[in-house]
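For reference, the structure discussed in these notes is given below.
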2 protein chains.
Amino acid sequence: MSLKHAILGFLSFTPLSGYDLKKAFDNSVRHFWPANQSQIYRTLAQLEEEGFVTKEVIEREERLDLKLYHISEAGRVEIHRWLSTPLPEQDSREPFLIQVYFGGRLPDEDLLPLLRRELHVTEERLGVYEAIYAANRHRTSAIADERAVFLSLLTLEVGYTTNQAIAQWLRTAVARLETHDYTIHIGEQ
Amino acid sequence: MSLKHAILGFLSFTPLSGYDLKKAFDNSVRHFWPANQSQIYRTLAQLEEEGFVTKEVIEREERLDLKLYHISEAGRVEIHRWLSTPLPEQDSREPFLIQVYFGGRLPDEDLLPLLRRELHVTEERLGVYEAIYAANRHRTSAIADERAVFLSLLTLEVGYTTNQAIAQWLRTAVARLETHDYTIHIGEQ
DNA sequence: CTGTCCATGTAAGGCGTTACATGATTGT
DNA sequence: ACAATCATGTAACGCCTTACATGGACAG
C-alpha cells in the first residue's frame, strides 16, 4: 500500500499530525498520489497498530488534542525496505482512452471537441507544472540535501514530459482526423 | 463508471457473453482498462437492471446456459451520451513516483537499480506495443470502418509515445545521478 | 460577523481484486 | 490422460471517495 509508505516517507523527516500530512500531500505529491483526509487518519491508525509510528498526544486545554505521529525504528526499516523494493507492474486506467477507442461511434463534430478539450486540459497542466517548478527551482531545503531535492523535482519533470508527449499526440490526432489521414505512427522514427 | 461504458461499447458492435467480453477486453483495451471476470459479470447484471442491455438465454442441454447480452436502445443512447461527454479530471496514482520522490532516503547503490529496472520494464512495454501494432497494422475490420480502426490504434500510439517519453526521462535521470548533475529540465527548450 | 484555517474523526458506499466453486468440451 | 478452453457465477476483503459531524482561533 503506497499511501502507508508515502506517510512513512514524510514522517521520516519530521513528526507530523494528520492535518499536517494532508497539507504535505497537497503541497507535494498530489499530482501522482492524491490523498484525502479521512483516509490519512485511518491509515495513521493502521500504521500505529502495526508499530510503524507512535502517537504523541498533546493536550491543549479547551481545544482538541493535537496528535503528533512519530516514525518508529520499525517504521524506518519498513520505509527503507519498501523504497528499495521493485513494485509489481501497475495497471493503468484511462477512461479518456476508452472514449477514443470507441470514438468511431461518434461523428467528427462530436469527437473533435472532445480531443481539443483534452488538449486544452493537458496544456493547462503543463502550465501548472511550470509554475510549480518556477516556485521551487531555487529552493534549498532545511531537511533535505541537493540530491533529495533533485529527486523530488524529477517527479515534476516526468509529469511535464509525459504531458508534453500527450499534447503532441493530441495535436497530431486532431490534424489527422481533420484531413482524413488515418495513418498511425509507432516504432519507425 | 467507465467499465459499464466500455462494455456498452463492445456490445454496440455485436451481442456477446460475459466470457466473450472478457476476451474482448484482454485483446484490445487491457492496456488502459483491464477488466476482470467477476467484475464483468456483476456489471452486466447492473446494466441489465438499468435497462441498457437485455439478456438472451441460450439453453444447451447438459451444458451451462449461454447468456448473450444485447445492447438496448436506451443503451445506445447512453453510450453515445457518455462518449461525447467530457470526463471530469482524473487523478493518477503512480507508486513508482513515490519511490522517486523519497529516493533521497536511499544511497545510489539502492536507487539506481530501481530506476534501471523501471527503464527495462518501460522498454519491454515499448516492444509489446510495437508487436501489437505490427500484428494489427494491416487489419481491416468487418465491423468497423477505417476511421474506427484508426481511432482504436490511436490508443496504442499514445501508450507508445508516453512510454518513450518515460524511457527517455529515466535514461537521463540515471545519467544525472551517476554524474551528480542535479539539474532539472522543465519548460525551457 | 463571516469565512477560512486548525484539527479531529465516523459512516456509507463504490469500484476493484483475489479466492473459491463448478463442470462440459476440445486439443495434444 | 491431462491440460486448456469454454462458461458461469459468489464471497470476502481492500482501497478510496463523499458526505457528515464538531468546534475553537484568527483575519478582514
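A, B, ... follow the sequence lines: proteins, then strands. Residue 1 opens every chain.
- In terms of phosphate contacts, R60(A) brings a side-chain nitrogen or oxygen within less than 4.0 Å of OP1 or OP2 of dA7(C).
- Aromatic ring pairs are classed by plane angle as parallel below 30°, tilted from 30° to 60° and perpendicular above 60°; the pair Y129(B) and H31(B) is perpendicular.
- Close to dC6(D), at under 4.0 Å from its OP1 or OP2, lies a side-chain N or O of Y19(B).
- Note: OH (Y69(A)) to P (dA7(C)) measures 14 Å, nearest angstrom.
- The side chain of Q39(B) contributes an N or O atom lying less than 4.0 Å from OP1 or OP2 of dT17(C).
- Contact check, Y41(A) against dG9(C): no side-chain N or O comes under 4.0 Å of OP1 or OP2.
- Counting to the nearest Å, the P atom of dG14(C) and the CD atom of E49(B) are 12 Å from each other.
- Checking dC16(D), dG9(C), dG9(D) against the side-chain heavy atoms of Q37(A) singles out dG9(C) as nearest.
- Where R42(B) and S17(B) meet DNA chain D, the nucleotide closest to each residue was compared, and S17(B) sits on the side nearer the 5' end.
- Between E118(A) and R171(A) no salt bridge is recorded (no basic side-chain N to carboxylate O distance below 4.0 Å).
- Using a 4.0 Å cut-off, no side-chain N or O of T43(B) falls inside it from OP1 or OP2 of dC15(C).
- Out of dG9(D), dT17(C), dT17(D), the shortest distance to the side chain of R93(A) is found at dT17(C).
- Protein atom CD1 of I40(B) is 15 Å distant from nucleotide atom P of dT10(D), rounded to whole Å.
- The nucleotide whose nearest atom lies closest to any side-chain atom of L66(B) is, among dT8(C), dC15(D), dA7(D), dA7(D).
- The phosphate of dA7(C) has neither OP1 nor OP2 within less than 4.0 Å of any side-chain N or O from K23(A).
- Phosphate contact (OP1/OP2 of dG9(D), side-chain N/O of K67(B), threshold under 4.0 Å): present.
- Note on S38(A): a base of the nucleic acid sits closer than 4.0 angstrom, heavy atoms only.
- Looking at K67(A) and E48(A), no side-chain N of the basic residue comes within less than 4.0 Å of a carboxylate O on the acidic one, giving no salt bridge.
- Protein atom CG of D91(B) is 15 Å distant from nucleotide atom P of dC15(C), rounded to whole Å.
- Between F10(B) and F102(A), the ring centre distance stays below 6.0 Å.
- If you measure from atom CZ of F25(B) to atom P of dT17(C), you get 11 Å, rounded to the nearest angstrom.
- At dC16(D), none of the side-chain N or O atoms of N36(A) fall inside 4.0 Å of OP1 or OP2 (strictly under the cut-off).
- Salt-bridge annotation for E89(B) and R125(A): present, with a side-chain N of the basic residue lying under 4.0 Å from a carboxylate O of the acidic one.
- As a whole-Å value, the separation of D65(A) CG from dG24(D) C1' is 13 Å.
- To the nearest 0.5 Å, atoms OH (Y101(B)) and CH2 (W33(A)) are separated by 15.5 Å.
- Between K4(A) atom NZ and dC15(D) atom C1' the separation is 11 Å, expressed in whole Å.
- Across the protein-nucleic acid pair, I58(A) atom CD1 and dA7(C) atom P stand 10 Å apart, rounded to whole Å.
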